[in-house]
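Nothing here was measured: the structure is a model prediction, and the numbers come from that model.
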Amino acid sequence: LKKIKAALEPSTHTTRPSPGEKMPITPSQREGGDGEVKVLIVEDQPDNLFLFKEAIRPGGYAIYTATNGQEAVEVAQREKPDIILMDIQMPVMDGYETARRIRAIPEMAAVPIIALTARAMKGEKEKAIEEGCSDYLAKPVSPAAVLKKVEEWLGKRIG
């Protein structure tokens with residue numbers, strides 16, 4: 001993170017983007033230096049998976065997918081995504097257990113995990129954060145809200 005902040009200081013990108021504005025990300029702003037910002041979408045419903053992929057496609061991110069928690073842990077270990085969109089109600093392993101297991105991977109401990117759930121009950125956001133997620137979006141969610149949340153968290157991570 002220090003390396004990323006140092007790379008940002010002399011650059012032209014010194015302020016956070018306004019809502020809806022895309023944040024330019026260059027190879028020097030990412031550890032590993034390959035310049036590719038990776039988003040992992042974990043969702044077992046094909047329609048929702050399609051919606052979330054289409055929602056973040058305008059950001060130009062590399063998109064990885066998993067349809068259950070076990071697969072998500074494997075993809076996270078292999079690809080080291082910069083942010084994760086996590087469905088909570090899934091087969092094999094729910095999103096909370098998946099978040100805990102991903103957090104146990106040292107390189108993934110600080111990666112933002114956004115919970116995506118149809119459970120819009122009072123206290124659900126607090127539970128998601130308690131269980132290891134960074135933030136929460138209630139389904140159904142607009143594509144614009146998904147992209148905004150991803151860019152907001154990537155901005156916090158880099159900025």
Where is the tightest heavy-atom contact between A72 and I102, given as atom of each residue plus distance? O-CD1, 4.2 Å
Is there a path of hydrophobic side-chain contacts, each under 4.5 Å between heavy atoms of I, L, V, M, F, W or Y residues, that connects L154 with F52? yes
Locate the shortest heavy-atom distance separating R103 from S134; write the atom from each residue and the value. NH2-OG, 3.2 Å
Nearest heavy-atom contact between K80 and E107 is CE-OE1, 3.5 Å
Return the minimal non-hydrogen interatomic distance between D44 and T67, and the atom names on each side. CB-O, 3.2 Å
Verify same cluster id: I129, L116 (apolar side-chain graph, 4.5 Å): no
Residues which pass salt bridge (Lys or Arg N to Asp or Glu O under 4.0 Å) with K139, listed by chain and number, not counting sequence neighbours: E43, D87
Atom CD1 in I84, atom OG1 in T98: separation rounded to 0.5 Å? 9.5 Å
Would a hydrophobic clustering, with Ile, Leu, Val, Met, Phe, Trp and Tyr connected at side-chain separations under 4.5 Å, put V111 with V73? yes
Measure the spacing between CE of M86 and CD1 of I113 and express it to the nearest 0.5 Å. 5.0 Å
Sub-4.5 Å side-chain heavy-atom contact between K149 and V141: no
Salt-bridged, R100 to E97, with N to O below 4.0 Å? yes
Separation of E71 CD from M93 CE (nearest 0.5 Å): 11.0 Å
Before you tell me yes or no, could you show the steps for R57 and L147 under side-chain contact (heavy atoms from CB on, under 4.5 Å), namely the whole-Å CA-CA distance, both residues' side-chain angles and the distance that decides it to 0.1 Å? CA-CA 9 Å; R57 196 174 305 281; L147 181 59; over 6 Å; no
Where is the tightest heavy-atom contact between N68 and V42, given as atom of each residue plus distance? O-CG1, 4.0 Å
Pair K127 + E124, salt bridge at N-O below 4.0 Å: no
Do the side chains of Y61 and I83 get nearer than 4.5 Å, heavy atoms only? no
Could you tell me the separation between the NZ atom of K53 and the CG atom of N48, rounded to the nearest 0.5 Å? 12.5 Å
Count I, L, V, M, F, W, Y as connected when their side-chain heavy atoms are under 4.5 Å apart, and connections chain through other members. Are L137 and L85 then in the same cluster? yes
Do Q77 and M108 come close enough that some side-chain heavy atom pair is under 4.5 Å? no
Scanning both residues in full, the closest heavy-atom pair of W153 with P112 reads CE3-CB, 3.8 Å
With clusters defined by side-chain heavy atoms of hydrophobic residues (ILVMFWY) lying less than 4.5 Å apart, directly or transitively, does I105 cluster with V75? yes
